Each structure stands twice: as structure tokens, then as C-alpha cells.
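One structure is given here, and the rest of the page talks about it.
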Amino acid sequence: MYFAVFAGLLLTGLIVFAPLPSWVWAALAAVVGAGLLIVRHLSRGTHAASPTEPTYFLPPPVENREHRVVDVALPSREEDYDFLFSATVRWSPLGGTTGEEGANLGSLAVDAILARAMAITRNRPPGRASLVQHELNGVLGTMQPDAAERVRAMAESVVLTLSDHDRQRLDKLAEIRKQKAVWEHERTYEQSRREYLGKDVLKDPGSAVVWWLARNDDQVEKVVQDLGILAQVSSAANNQEVPDHFRHLPQWPSSPRPADDGEPGTSGSRCDPSAADLFAAFLQSADFPDGDPQRALFSRQVAECLTKYGKQGIADDLVHRFDAPDEFMPDDEAPPSGRPGEGPPVGDLG
């Protein structure tokens, strides 16, 4: 280009300052034009030989989209107990397109996520909502295509809960199950104890004696004294009569009074001790021996106290049992019938 400009200036100067015949100027113009054509052709060849930079055509970026779902009911393993599912669903069209015309790709993505979540929750117990939540966060945390392969979807910030009423009912049922388990264990323990006592310990008087000795191996004399009681307990446990060879044994702590007093209701074989029997044991432990005048006097005074408190029957039993003579009582206090009556308070024995 610079050469053409220079040649044009040179030709113009010659025409102006050096007049020549017209055919000479025509020849010079032809030569200059040819030179310009050659230079132009060479210039184009140089530019064509130089390498050209490649042009890259990039597809338009695919924009990830998201949709928030809140408290969607998903079934659990227990009927009528639904999980409440909340999450942020992220999705993008497959192939980088915007989808077919009229297709709601966001709804397809949400449906795909709910289907994946439901496949897990329907096999999980409702009482483990927090544990299932972590499982869903792991399973739904990867992009996967839907069944129609139109979108890819994943879920973030998954929250899985139960309604307050369902959680309270489950807590109550769990407490009842625990109480039932404890009750069944207690019942089994009680049944085991009854079977052990009835079929082993109290199977017969001999087994009761062996059991007593095993627990009190240093009190042989005591078990000999209680043979009648053990025989009675064993027979009662099996709804049987006391065996004949045990009936002569006292089945209650024997009364300290003489065995030949011949009074009714005082035999050592009584099943239940009377008040007089217990009072006799008290007199023995208090060192009131038979025949002691103080024993009879004390018995009469106790009988009087019982009469004052309305226990006339027991008072009569004490008087008849211990035969307190009237001569040990003041003349003005001895009742004419021989029974204790109303009188002054009991005095000191000493």
C-alpha cells in the first residue's frame, strides 16, 4: 500500500515538472498499474499463508434450579403414622436443554425426589425419624435422573419429623410396652417363686426341714422345736392334712402351763394361739412360775383392766385359765360371782 502511494506521487511529479509525449505517460501509467496489481496479489498471498486463530463455539451454560418442599407426608412402616418431609430440591435439564415445550421440569424433579425418599421411609419405623433423616441426606445428596430421563435432581437440607400428636402417642405406647415387660418379668418371677416353694421347698415336711436347715445350718435345735410348724405349713401349702406322725408335735409354740390342766382350747396342737396362750408365754418370760401367788394376782389385775376396756370374754378366759384365788384379792374388791368386776385401778405388784 505504501508502494502504491509512493509511485502515484512520483508519477504526478514527472507529469507536472517534466513534460513528455503523451504516449510515454500512458506507458508509465500502465507499468505503474501492473506493479500495483502484482504488489496487491503478493500481499494477499502473504496474508493467506499466515495461520488463523481457531474459533470456539461454547454451549450456553445450564443453570441449576431449585425448589423448596415443606412437610410432605411420606408413609412409614406403621400404618397411620406418616413422616413429614422437607427439603430443597435442586435440578437441571438433561442434555443442557430447557425441556420440551409445556413440560414442568421442576415438578418432575420434585416428584423424582419424593419417589426416592418414599422408597426408604415406607420401610422405616416412625419412632426413628432423626435416624432416617440422616439416611435420606446421604441417599438424596447426589444428582440422579428421573424415570423419564428429562431432569437430574438432588435434595439438600433434608428434615424428617413427626407430628406432635403422633410423637406423643408413640411415646405413650413405648411407655406401656416397657411397663408391660416389667410386669411380665415380675409375674414370671412370682410364678417361679411359687413353683419353687410349692413344688420344691414345701413339697412335704421333709423338704421343708431340709430347706430350713440349708438356710439356718447353725440352729439344729431350733428346727427340731419347729418340726410341727414346718409340717403344718407344708400340709397347708398342698391342701392336705398334717401327717399322723407329725400331729403329736406342737404346731405352735407350746404353752408354758402344765400339759395336764385339761382345759379346752389349750392343747399344743391349736392352729391359732388364744390370748390366754400368749399371756401364758408372757408370764413364763416374765418369771411368774406356776404356783406363785403373784402370778395369780397379776392375772386377776390384768383381767380387771381388760374388763374396763370391754374385753370381758378374754378377762373370763384369763380368770378360768389361771384360776386366780379370791384370797389374794382384797375382800372389798373380790366380786361375788368370781369374775373380775369394776374396781379401783390396778396397784403395784410389789
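In this chain, numbering begins with 1 at the start of the sequence shown. Just so it is clear, the values below take in all heavy atoms, side chains as well, and ignore hydrogens, waters and symmetry mates. As the structure is a prediction and not an experimental result, all values here were calculated from the model.
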When rounded to the nearest 0.5 Å, the distance separating CZ of Arg65 from CG of Leu105 is 7.5 Å
Separation between OG1 of Thr142 and CZ of Arg116, rounded to the nearest 0.5 Å
5.0 Å
Closer than 3.5 angstrom, by distance alone: can the side chain of Asp71 be matched with the main-chain N or O of Leu84 as a donor-acceptor pair?
no
Hey, does the side chain of Asp146 reach the backbone of Arg150 with a donor-acceptor pair shorter than 3.5 angstrom?
yes
If I take atom CG from residue Asp200 and atom CZ from residue Arg193, how far apart are they, to the nearest 0.5 angstrom?
12.5 Å
Give the intermediate values and the outcome of side chain to side chain contact (heavy atoms under 4.5 Å, CB included) for residues Glu135 and Arg124.
CA-CA 11 Å; Glu135 183 179 4; Arg124 300 296 184 270; 2.7 Å; yes
Heavy atoms of other groups near Glu79 CD, more than 12 under 6.0 Å:
no
Under 3.5 Å, is there a donor-acceptor pair linking the side chains of Asp164 and Gln168?
no
Looking at Asn137 and Gln133, would you say the former's side chain and the latter's main chain have a donor-acceptor pair under 3.5 Å?
yes
Can we say Lys308 and Glu304 salt-bridge, meaning some charged N sits less than 4.0 Å from an Asp/Glu carboxylate O?
no
CZ of Arg90 to CD of Glu66: how many Å apart, nearest 0.5 Å?
4.0 Å
Tell me whether Thr121 contacts the main-chain N or O of Pro75 through its side chain, where contact means a donor paired with an acceptor under 3.5 Å.
yes
Using modelled atom types and a 3.5 Å cut-off, is there a donor and acceptor pairing between side-chain atoms of Ser157 and backbone atoms of Thr88?
no
So which atom in Ala87 and which in Arg68 form the shortest heavy-atom distance, rounded to 0.1 Å?
C-NH1, 3.1 Å
Apply the test side chain to side chain contact (heavy atoms under 4.5 Å, CB included) to residues Asn123 and Arg77: give CA-CA distance (whole Å), side-chain angles for both, the deciding distance (0.1 Å), then the verdict.
CA-CA 5 Å; Asn123 299 317; Arg77 192 172 66 186; 5.7 Å; no
Sub-4.5 Å side-chain heavy-atom contact between Pro126 and Asp166:
no
Closest contact, heavy atoms only, Leu170 versus Gly127:
CD1-N, 4.1 Å
Can you tell me how far CH2 of Trp91 sits from CG of Leu108, rounded to the nearest 0.5 angstrom?
8.5 Å
Is Val89 reachable from Leu114 through a run of I, L, V, M, F, W or Y residues, each pair having side-chain heavy atoms under 4.5 Å apart?
yes
Under a 3.5 Å distance rule, please check whether Thr188 uses its side chain to pair with a backbone N or O of Glu184 as donor and acceptor.
yes
Under a 4.5 Å cut-off applied to non-hydrogen side-chain atoms, are Glu190 and Arg187 in contact?
no
Between Phe85 and Leu136, is the side chain to side chain contact (heavy atoms under 4.5 Å, CB included) condition met? List the steps.
CA-CA 10 Å; Phe85 175 82; Leu136 289 178; 4.1 Å; yes
Rounded distance (nearest 0.5 Å) linking atom CD1 of Ile120 with atom CG of Leu74:
10.5 Å
Begin with the C-alpha distance, continue with both residues' side-chain angles, and end with the deciding distance and a verdict on side chain to side chain contact (heavy atoms under 4.5 Å, CB included) for Leu162 and Phe83.
CA-CA 5 Å; Leu162 288 173; Phe83 292 110; 4.1 Å; yes
